[in-house]
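The block underneath contains the structure these notes are about, expressed in structure tokens.
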Amino acid sequence: MSPRLAEVEAVTGKLPTQMFVGGTHVEALNGERLDTLDPATGGVIGSVPAGDAGDIDAAVADAKRALKGPWADMAPRERGRLLWRIGEAIRERADHFALVETLDQGKPLKEARVTILRTADYFCYYAGIVDKLQGETVPLGNNKTCFTLNEPIGVTGHIVPWNVPVSMVARGIAPALACGNTAVVKPAEDTPLSAILLAELMVEIGLPPGVCNLVTGYGETAGAALAAHKDVGHVTFTGSVETGKAVMIAAASHLASVTLELGGKSPHLILKDADLDKVVPDALAGVYRNAGQICSAGTRLLAEREICDELTERLVAGAQNMTLGHGLDSPDMGPLVSNRQLQTVTGFVERAKERGITILTGGNAPVIDGCEGGFFFEPTVAAHVPASDELAQEEVFGPVLAVMSVGSLEEAIEIANGTAYGLAAGIHTQDISKAMRFARQVEAGQVFINGYHGAGDTVPFGGFKQSGIGREKGLAALANYCETKAITVTG
Ligand code: NAD
């Protein structure tokens with residue numbers, strides 16, 4: 001049992017223990033459960049049902065029924081008001097949600113709070129679009145009138161990872177509901193709690209039962225069943241490349257469309273005219289936030305040769321200054337989400353050492369006072385990493401920065417584009433021509449000039465190459481959740 005559980009429950013009340021289908025709490029049909037841990041101590045904080053294909057079937061059937069109920073009759077403006085109220089209710093309970101998210105996922109409380117406010121913002125943003133989902137008219141000549149309607153697809157499936165648990169749910173379901181769909185959510189097995197709270201809250205605020213169902217369980221069972229379910233018209237998946245491919249294959253069995261938000265190995269280029277006082281905190285936050293468990297983290301730092309040593313020294317000093325601790329104590333960095341993730345990250349760094357890569361700082365799993373048993377890994381800087389090295393090619397998904405020096409913008413662009421990924425990219429320079437050349441030529445769904453992670457929740461987000469298919473966030477996400485129907489009247 002985590003020693004910090006009582007402290008959180010004193011504020012939030014008992015943490016959720018059941019999943020949420022048809023507007024009510026339910027157990028898995030198979031009666032099985034899975035434990036969820038406090039990653040900062042390794043202690044159990046509770047358990048939730050380990051649902052599987054039977055539970056997914058029931059949840060999808062409920063979501064299908066809900067398409068015909070009061071949800072379908074709700075006027076667009078009313079649906080928008082409901083989404084707005086959900087957003088406001090999340091904002092009012094932000095502290096409560098943040099405590100649960102920190103205990104379940106590990107991130108520092110202040111970071112958790114930001115992601116909860118973003119969760120609220122997704123609902124409020126899409127609330128405003130509901131009564132503006134207009135179609136168009138198409139000129140076909142004198143005796144014809146043609147117009148289009150944007151209709152909901154039907155039941156949408158949402159399979160979510162553990163790194164930003166509740167915000168990732170909202171990012172998918174807010175636009176899906178705005179377009180009139182219903183949803184079935186499968187949160188990650190490591191971090192189910194805040195998503196259950198969200199499902200409960202939405203019904204409490206007035207969402208008709210069945211419109212958003214949530215099934216907890218393992219990916220290979222519940223997740224796979226959701227992706228393959230013949231009554232699911234669109235699957236929004238966020239997670240690893242390998243699982244994304246499996247989801248796409250499963251969805252193809254019944255020609256469901258997919259949005260795939262996958263991994264990254266994003267380059268952050270620093271030219272020699274950049275203001276290093278601004279670059280250093282930006283690059284540190286770009287890679288170490290959420291203990292490096294951010295898909296768009298700037299994990300490859302490409303620095304122009306003339307400034308590479310000075311910048312590296314300053315990054316090392318910054319990494320060494322970071323505090324590690326329990327997320328509830330608001331350190332600079334919390335633990336990794338699980339022992340499995342700790343083993344993955346440790347494996348990447350150990351293999352890098354064996355290949356002779358210089359680890360300038362970090363590289364170890366420290367034991368933190370009061371958090372013995374936690375899954376911590378030090379902020380790590382690896383120097384002179386060859387562009388072809390595993391550490392420069394593969395997503396670590398932990399607090400590991402690979403630094404490389406480059407001789408020119410052209411070389412930097414070639415290295416930046418030299419991985420299988422294409423999620424995000426950043427550049428710091430005073431030279432707008434060089435910045436724009438980089439932005440145009442880099443293969444990435446988002447580009448940040450002079451401020452890594454500078455975009456917000458209203459900006460289209462998604463990947464080139466193996467970083468995914470389709471876009472979430474912003475107006476672009478609406479295309480995922482609407483069927484266009486063209487009606488032509490003759491005469
Ligand atoms: P994962 O692929 O292991 O799991 C993601 C989700 O898929 C979980 O809910 C899991 O239970 C489920 N799942 C597992 N196997 C499944 C299967 N066979 N069929 C259906 N669902 C299945 O990923 P993860 O380890 O939870 O998350 C880390 C990965 O997510 C990283 O690669 C990261 O870059 C990526 N990610 C991407 C974005 C983005 O927006 N592009 C955002 C966050 C995380």
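In listed order, ligands and their atoms are each counted from 1.
Considering A246, C295, P165 only, the shortest heavy-atom separation from atom 39 (C) of ligand 1 involves C295. Comparing T243, T221, V235 by heavy-atom distance to atom 15 (N) of ligand 1, the nearest is T243.
For the pair Y218 and ligand 1, the shortest N or O to N or O distance does not fall below 3.5 Å. Some N or O of R171 is nearer than 3.5 Å to an N or O of ligand 1, by distance alone. In terms of polar-atom proximity, defined here as any N/O pair under 3.5 Å, E189 does make such a contact with ligand 1. Checked by distance only, ligand 1 and L262 come closer than 3.5 Å through their nitrogen or oxygen atoms. Of the polar atoms of F397, none of the N or O atoms is found under 3.5 Å from an N or O of ligand 1, judged by distance alone.
Checked against a 6.0 Å centroid threshold, the rings of F397 and W162 count as neighbours.
Of the heavy atoms in I159, only side-chain atoms (C-beta onward) come closer than 4.0 Å to ligand 1. Under 4.0 Å from ligand 1, not a single heavy atom of V164 appears. Heavy atoms of Q293 found under 4.0 angstrom from ligand 1: none, in either backbone or side chain. Counting heavy atoms under 4.0 Å from ligand 1, residue H158 does not touch it at all. Heavy atoms of I294 found under 4.0 angstrom from ligand 1: none, in either backbone or side chain. Within the 4.0 Å heavy-atom criterion, neither part of E472 lies near ligand 1. Proximity of V247 to ligand 1, defined as any heavy-atom pair under 4.0 Å, is confined to the side chain (atoms from C-beta onward).
Ligand-side atoms of ligand 1 in range of L423: 41 (N), range being under 4.0 angstrom from any heavy atom. Against a heavy-atom cut-off of under 4.0 Å, P161 is close to the following atoms of ligand 1: 26 (O), 27 (O), 43 (C), 44 (C). Counting atoms of ligand 1 from 1 in the listed order, those under 4.0 Å from a heavy atom of P187 are 9 (O). Each of the atoms 43 (C), 44 (C) of ligand 1 lies under 4.0 Å from some heavy atom of N163. Counting atoms of ligand 1 from 1 in the listed order, those under 4.0 Å from a heavy atom of G223 are 19 (N), 20 (C), 21 (N). Each of the atoms 32 (O), 34 (O) of ligand 1 lies under 4.0 Å from some heavy atom of G263.
Cation-pi geometry between R351 and F348 is satisfied (NZ or CZ under 6.0 Å from the ring centre, within 45° of the ring normal). Figure legend: K473 and F461 shown as a cation-pi pair, the cationic atom lying under 6.0 angstrom from the six-membered ring centre and within 45 degrees of its axis.
Closest heavy-atom contact between V160 and P165: CG1-O, 3.7 Å. Among all heavy-atom pairs drawn from V396 and V345, the shortest one is O-CG2, 3.9 Å. Closest approach of Q293 to Q105, counting heavy atoms only: NE2-NE2, 3.9 Å. Between A319 and L284 the shortest heavy-atom distance is N-CD2, 4.1 Å.
At least one heavy atom of M168 sits closer than 4.0 Å to an atom of ligand 1.
Contacts of E32 classified as salt bridge (Lys or Arg N to Asp or Glu O under 4.0 Å), with partners at least two apart in sequence or in another chain: none.
Among protein heavy atoms, atom 1 (P) of ligand 1 sits closest to S240 OG, 3.7 Å. In terms of protein heavy-atom proximity, atom 25 (O) of ligand 1 is nearest to W162 NE1, 3.1 Å.
Formation of a donor-acceptor pair under 3.5 Å by the T102 side chain with backbone atoms of L99 is not found in this model.
For atom 4 (O) of ligand 1, the nearest protein heavy atom lies 4.0 Å away or farther.
The distance from the CG atom of D332 to the OH atom of Y288 is 12.0 Å, given to the nearest 0.5 Å.
Checked for salt-bridge contact, R93 and E204 meet the test: a charged N lies under 4.0 Å from a carboxylate O.
Ring planes of H428 and H268: tilted class, angle from 30 to 60°. Ring geometry for Y452 versus F448: interplanar angle over 60°, hence perpendicular rather than tilted (30 to 60°).
For the side chain to side chain contact (heavy atoms under 4.5 Å, CB included) test with Y126, the passing option among T458, L478, I173 is L478; the others fail.
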